[in-house]
Amino acid sequence: MTIQIYNTVARRKEEFIPADPKRVTMYVCGPTVYSFPHIGNARPAVVFDVFYRLLMHEFGHVIYVRNITDVDDKINAAAVSEGISIGQISARYTRTYHQNMADLGVLPPSIEPKVTEHMPQIIDMIKRLIVAGNAYEAEGHVLFHVPSYHEYGVLSGRNLKELIAGARVDVAPFKKDDADFVLWKPSGEDQPAWDSPWGAGRPGWHIECSTMIEQHLGETIDIHGGGQDLIFPHHENERAQSTCAHHGKLFSRYWMHNGFVNVNHEKMSKSLGNILLVQDLLEQASGEAVRFTLLGTHYRSPLDWTDQVLNQSSRNLDRLYEVLQKLDDVDVDVDVSAEDMPVAFMDALKDDLNTPAAIAELHKLAKQVNTVFSHDSRQVLKKQLLAAGKILGILQQDPAAWFRGTNEIDEMEILALLEQRASAKNERDFKRADEIRNQLKAMGIQVQDRPDGTSSWRKA
RNA sequence: GGCUAGGUGGCAGAGUGGUGAUGCAGCGGCCUGCAAAGCCGUCAAUACCGGUUCGAUUCCGGUCCUAGCCUCCA
């Protein structure tokens, strides 16, 4: 089976055929670094991380670019309100983003370009758009002239008439067309500025992605991804800029967009005060559980985050690690090979990244462990579970470590108490044995007796 | 107002023109000194109304409802 992708521009699933199977290219819009990453920032990172792993598995060589937007008025505002420099703001939140994503098991992309490092290229692309007749200068601004691109609106399914009808009342007077958008704008005293043929200023909101894609991946890429909210205007505008700068050459062969994360049936927003920060969720559960939750819903569907979903994910992972623990006696190679990949699992992922169906296949494999007894069969199952887990970015920990958690615990004390309890049990002093068990429970430790009389423990 | 996506068991969540996955929770049992975990078994759903069809949850139309976009936003 080949990979199928729901292509936003075609509005249906299509077979994924890269332009060059030896060099698959993907660009995903990364964060604007002005605040702490929230769960909505994490969703595309995790979703496209799994897709990246899938592409690597299928094609071997993938160039995955995810940018850092470090030029933005929101960053300027954060610098003012926090009383530190713009550079300090973007450095701080870039670092937090990297830490949070690592905690969620997100692999670094092949390339992570920053807007500030691409000013000459941005200015160059704007110049070319002016020369080509798609952009014009007006009062220190450079604007993209939307009517010059006849396919404008095709990606987002809008037509120009609608856009004009819905346009804001306060359209800048120097715009030739109400729908025209900014490529370059002049900077005031306290705003970051770069020299350009149009005066000191800064780039508009969309040109940066077009430029970085051209710079690092070329004129045509295989996949462009991001959140659904970026379809319009961000990706529509990118598409217009890049296509026109390249004289009509196809920009992206496939467009993929992930759905939003809602919180208790409401949109996450500052005004509702319900923004879930990744760092706060990591206090409640493991990064792996957060990741598992994000993969538990198909990437195009909205994901409603409630108090329950994280718990359910932790339980699901408990169950899978439980099974791996049962297979502790089976040795497998550290590096699982392609033949170990379970077919039904892969078919689910290849079908437009159907991670919920893939996880269901993982559970089916786990169940089989109970009905299979030969060493060879158990070894195959363990390989399959680990290989599948690797694509999803889960199940790679030692099961014992998973159940013991990351919190600091005094293992010696626990073992001493378990020993005391064992001798109490031996003397059939069950009252004493239960006291010790309750004592451990108060410490957050759950005792588990084995059939042979010995006991193990895990984090409650 | 315009555009888009969706309404599946108590919860989460896939798929499918013809016996409706998977996990959690519940219930029964096994195991256990008692538990916990585990194992086995089990209950339970396709918003509503029409249409097409031998047959629709799946296709078409309508109603109601939900979410998103149209403005910064992952």
Side-chain angles (χ1 to χ4, degrees), chain A residues 8 11 28-32 34-35 37-48 72-74 77 153 156-159 161-163 165-168 170 205 225-234 236 257-262 265-270 275 292-293 295-298 300-320 322-323 325-326 344 348 351 354-367 369-371 403 424-425 428-431 433-434 437-438 440-441 445-451 453 455-458 460:
Chain A
T8 305
R11 283 168 184 73
V28 174
C29 292
T32 301
Y34 70 102
S35 185
H38 55 69
I39 191 65
N41 300 117
R43 191 176 189 187
V46 167
V47 161
F48 288 104
D72 190 282
D73 287 351
K74 289 193 291 295
S156 56
R158 286 158 223 270
N159 63 54
K161 268 187 194 168
E162 281 171 16
L163 289 170
R168 288 234 151 158
D170 53 343
W205 310 296
Q228 262 166 11
D229 56 314
L230 296 181
I231 296 173
F232 189 90
H234 186 57
E236 191 72 71
H257 292 98
N258 64 274
F260 262 51
V261 180
N262 296 323
H265 318 292
E266 286 178 317
K267 182 178 170 167
M268 253 196 320
S269 72
K270 278 186 181 167
I275 293 190
F292 193 90
T293 305
L295 298 177
T297 301
H298 185 86
R300 281 191 282 116
S301 300
L303 165 52
D304 195 29
W305 199 282
T306 62
D307 294 339
Q308 295 176 64
V309 293
L310 247 189
N311 270 325
Q312 289 205 2
S313 293
S314 296
R315 296 264 170 81
N316 272 283
L317 286 168
D318 279 347
R319 176 176 159 69
L320 293 169
E322 187 92 42
V323 167
Q325 199 160 40
K326 285 182 187 172
D351 183 11
N354 193 335
T355 49
I359 289 168
E361 293 302 327
L362 214 51
H363 282 295
K364 286 182 189 168
L365 286 174
K367 200 171 181 102
V369 172
N370 295 315
T371 58
F403 286 116
K425 275 171 68 182
R428 303 194 65 77
D429 182 357
F430 296 122
K431 195 183 164 204
D434 288 353
R437 184 164 64 194
N438 287 335
L440 283 161
K441 192 166 186 179
I445 302 300
Q446 177 67 54
V447 176
Q448 299 183 315
D449 291 343
R450 297 202 190 92
S455 303
S456 63
W457 62 274
R458 65 164 64 170

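In what follows, every chain begins at residue 1, and chains take the letters A, B, ... in the order their sequences are listed. These numbers were taken from a predicted model, which means no experiment stands behind them.
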>> Students often get this wrong, so: under 4.0 angstrom with heavy atoms, is A/Asp434 touching a base, only sugar-phosphate, or nothing?
In response: base
> Is any N or O donor-acceptor pair between the side chain of A/Glu322 and the base of B/G38 shorter than 3.5 Å?
Replying inline: no
>> Centroid distance below 5.5 Å plus an interplanar angle below 30 degrees: do A/Phe260 and B/A67 meet both conditions?
In response: no
> Rounded to whole angstroms, how far apart are CG on A/Asn354 and P on B/A21?
Replying inline: 16 Å
> If pairing requires Watson-Crick or G-U wobble contacts with both distances under 3.5 Å, which nucleotide is the partner of B/C31?
Replying inline: none
>> Let's test this: given Watson-Crick or G-U wobble pairing with both distances under 3.5 Å, identify the partner of B/G61.
In response: B/C49
> Going by modelled atom types, is there a donor-acceptor pair between the base of B/G68 and the side chain of A/Asp229 at under 3.5 Å?
Replying inline: no
>> Does B/C69 have OP1 or OP2 under 4.0 Å away from a side-chain N or O of A/Lys267?
In response: yes
>> Mind checking if A/His298 touches a base, just sugar-phosphate, or nothing, with heavy atoms under 4.0 Å?
In response: sugar-phosphate
>> My understanding is that a pair needs two contacts under 3.5 Å, Watson-Crick or G-U wobble. By that rule, which nucleotide pairs with B/U16?
In response: none
> Counting any heavy atom closer than 4.0 Å, what does A/Gly227 reach on the DNA or RNA strands: base, sugar-phosphate only, or nothing?
Replying inline: sugar-phosphate
> What integer distance in Å separates A/Leu303:CG from B/A12:C1'?
Replying inline: 10 Å
> Do the side chain of A/Arg43 and the main chain of A/Gly259 share a donor and acceptor less than 3.5 angstrom apart?
Replying inline: yes
> Mind checking who B/G55 pairs with, Watson-Crick or G-U wobble, both distances under 3.5 Å?
Replying inline: none
>> Applying a 4.0 Å non-hydrogen cut-off, can you work out what A/Gln308 is touching in the nucleic acid: base, sugar-phosphate, or nothing?
In response: sugar-phosphate
> Over how many whole Å does the gap from A/Phe403 atom CZ to B/A36 atom P extend?
Replying inline: 17 Å
> For the pair made of NE2 in A/His363 and C1' in B/A12, what is the distance, rounded to whole Å?
Replying inline: 11 Å
>> If you go through the side-chain atoms of A/Arg437, does one of them form a donor-acceptor pair with the base of B/A35 closer than 3.5 Å?
In response: yes
>> Heavy atoms only, 4.0 Å cut-off, all strands: where does A/Arg11 land among base, sugar-phosphate and nothing?
In response: nothing
>> With a cut-off of less than 4.0 Å, is there a side-chain N or O of A/Asn41 near OP1 or OP2 of B/A74?
In response: yes
>> Can you tell me if A/Arg319 touches the phosphate of B/C39, counting only side-chain N or O atoms and a distance under 4.0 Å to OP1 or OP2?
In response: yes
>> Quick check against the 3.5 Å criterion: does A/Arg458 have a side-chain atom that pairs as donor or acceptor with the backbone of A/Val447?
In response: no
>> Between A/Glu322 and A/Arg315, does any NZ, NE, NH1 or NH2 come within less than 4.0 Å of an OD or OE carboxylate oxygen?
In response: no
> Paired with B/C69 by Watson-Crick or G-U wobble geometry, both distances under 3.5 Å: which nucleotide is it?
Replying inline: B/G2
>> Does atom CZ (A/Arg11) have a neighbourhood of more than 12 heavy atoms from anything else shown, all under 6.0 Å?
In response: yes
> Could you state the CG-P distance from A/Asp449 to B/C31, rounded to the nearest angstrom?
Replying inline: 16 Å
>> Donor-acceptor check, side chain of A/Glu236 to backbone of A/Gly153, threshold 3.5 angstrom: yes or no?
In response: yes
> Roughly, in whole Å, what's the span from CG in A/Asn316 to C1' in B/G38?
Replying inline: 16 Å
